[in-house]
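Contents: one structure, followed by commentary.
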Amino acid sequence: MQKKERFRRFLEYFTQHYPEPKTELHFGNPYELLVAVILSAQCTDKRINQISPSLFARFPEPESLAAASVDEVFTYIRSVSYPNNKAKHLVGMANALMEKFGGEIPATLEELQTLPGVGRKTAHVILSVVYNEPTMAVDTHVFRVSHRLGLAPLTATTPLAVEKALMAHIPKQYVPKAHHWLILHGRYVCLARAPRCGVCELKGFCKYYEKVSEPGFS
DNA sequence: ATCCCGAGGG
DNA sequence: CCCTCTGGAT
């Protein structure tokens with residue numbers, strides 16, 4: 001099957017069945033989203049949503065977070081992965097927001113990536129969700145699902161390469177939605193360890209299913 | 001033992 | 001390129 005046809009069927013299916021996807025992280029403003037996305041690295045959204053209400057109540061805006069001690073922030077996020085690093089990142093991020101951007105969340109990839117704890121993936125999420133820009137954040141789900149479905153070539157071995165492969169074939173107006181579609185599919189159907197091919201509606205054009213359903217596959 | 005919406009440093 | 005960070009769920 002042609003790559004173009006794979007993308008067409010992928011977009012068609014989710015447009016039909018999940019027309020308005022959105023992030024499952026809970027947030028009330030761009031600042032809260034930025035904090036939540038930084039915390040979400042190598043951690044489930046569910047856990048972030050469990051600790052974020054008390055964190056946002058104590059540090060409701062960049063000013064209070066910038067003035068906080070790393071030790072106190074740590075006590076709010078101790079149950080997420082890498083709490084020491086993330087506590088430092090959050091305080092450093094808030095200080096950089098205050099000093100360089102007047103407390104506002106910047107709207108360019110370059111500016112966002114200057115913030116401590118904000119790499120290419122997090123910056124793309126902010127651009128996509130907050131500013132609705134056609135950018136593709138490639139996380140572990142997007143990376144895995146893109147390869148399995150055959151939306152990214154096996155030669156795309158880095159997140160950036162997968163990002164370029166997806167951007168080359170997804171119409172701009174679908175990019176923010178496609179980001180969520182790939183994540184949701186990875187989270188609930190195309191699981192890393194035990195993909196639920198039995199209930200997957202996309203296996204008809206999935207390269208991974210094509211392989212695992214071969215007669216002699218072990 | 002492996003995975004979860006990665007980033008920073010060597 | 002590699003390594004480290006490092007809690008909780010499965």
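Letters A, B, ... mirror the listed sequences (proteins, then strands); counts begin at 1.
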For a quick check of understanding: with a heavy-atom distance under 4.0 Å over all strands, which category does [X] fall into, base, sugar-phosphate or nothing?
X        : value
A/Val37  : nothing
A/Leu33  : nothing
A/Pro116 : sugar-phosphate
A/Arg78  : sugar-phosphate
A/Thr122 : sugar-phosphate
A/His89  : sugar-phosphate
A/Asp45  : base

Between [N] ([atom2]) and [X] ([atom1]): distance, integer Å:
X        : N     : atom1 : atom2 : value
A/Leu191 : B/dT2 : CG    : C1'   : 13 Å
A/Leu90  : B/dG8 : CG    : C1'   : 15 Å
A/Lys86  : B/dG6 : NZ    : P     : 8 Å
A/Ile38  : B/dG6 : CD1   : C1'   : 11 Å
A/Leu39  : B/dG6 : CG    : P     : 12 Å
A/Asn85  : B/dG6 : CG    : C1'   : 11 Å
A/Asp139 : B/dC3 : CG    : P     : 15 Å
A/Tyr188 : B/dC5 : OH    : C1'   : 11 Å

Check: A/Leu127 main-chain N/O paired with A/Thr135 side-chain donor or acceptor under 3.5 Å: no
Please check this pair: side chain of A/His179 against backbone of A/Val175, looking for a donor-acceptor N/O pair closer than 3.5 Å. no
Other residues, nucleotides and ligands only: do more than 12 of their heavy atoms fall within 6.0 Å of [atom1] on [X]?
X        : atom1 : result
A/Lys3   : NZ    : yes
A/Gln173 : CD    : yes
A/Glu104 : CD    : no
A/Tyr174 : OH    : no

Segment of DNA chain C, first to last nucleotide, that comes within the 4.0 Å heavy-atom reach of chain A: C/dC5 to C/dT10
Work out how far the P atom of C/dT6 is from that of B/dG9, and round it to whole angstrom. 14 Å
How far does the P atom of C/dC3 sit from the matching atom of B/dC5, given to the nearest Å? 24 Å
Between A/Phe74 and A/Arg193, name the one whose nearest nucleotide on DNA chain C is closer to the 5' end.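 Per heavy-atom nearest nucleotide, the more 5' residue is A/Phe74.
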Does A/Thr44 get its side chain close enough to the base of B/dC3, under 3.5 Å, for a donor-acceptor pair? no
Report yes if at least one side-chain N or O of [X] is closer than 4.0 Å to OP1 or OP2 of [N]; otherwise report no.
X        : N     : value
A/Arg144 : B/dC4 : yes
A/Thr140 : B/dC4 : yes
A/His141 : B/dC4 : yes

How do A/Gly117 and A/Cys43 order along DNA chain B: which one's closest nucleotide is nearer the 5' end? A/Cys43
Looking at A/Arg8 and A/Glu5, does any basic side-chain N land under 4.0 Å from a carboxylate oxygen? yes
Go through it in stages, so that I can follow the logic: the residues are A/His124 and A/Glu163, the test is side chain to side chain contact (heavy atoms under 4.5 Å, CB included), and I'd like the CA-CA distance, side-chain angles, deciding distance and then a yes or no. CA-CA 11 Å; A/His124 273 320; A/Glu163 176 189 324; 3.3 Å; yes
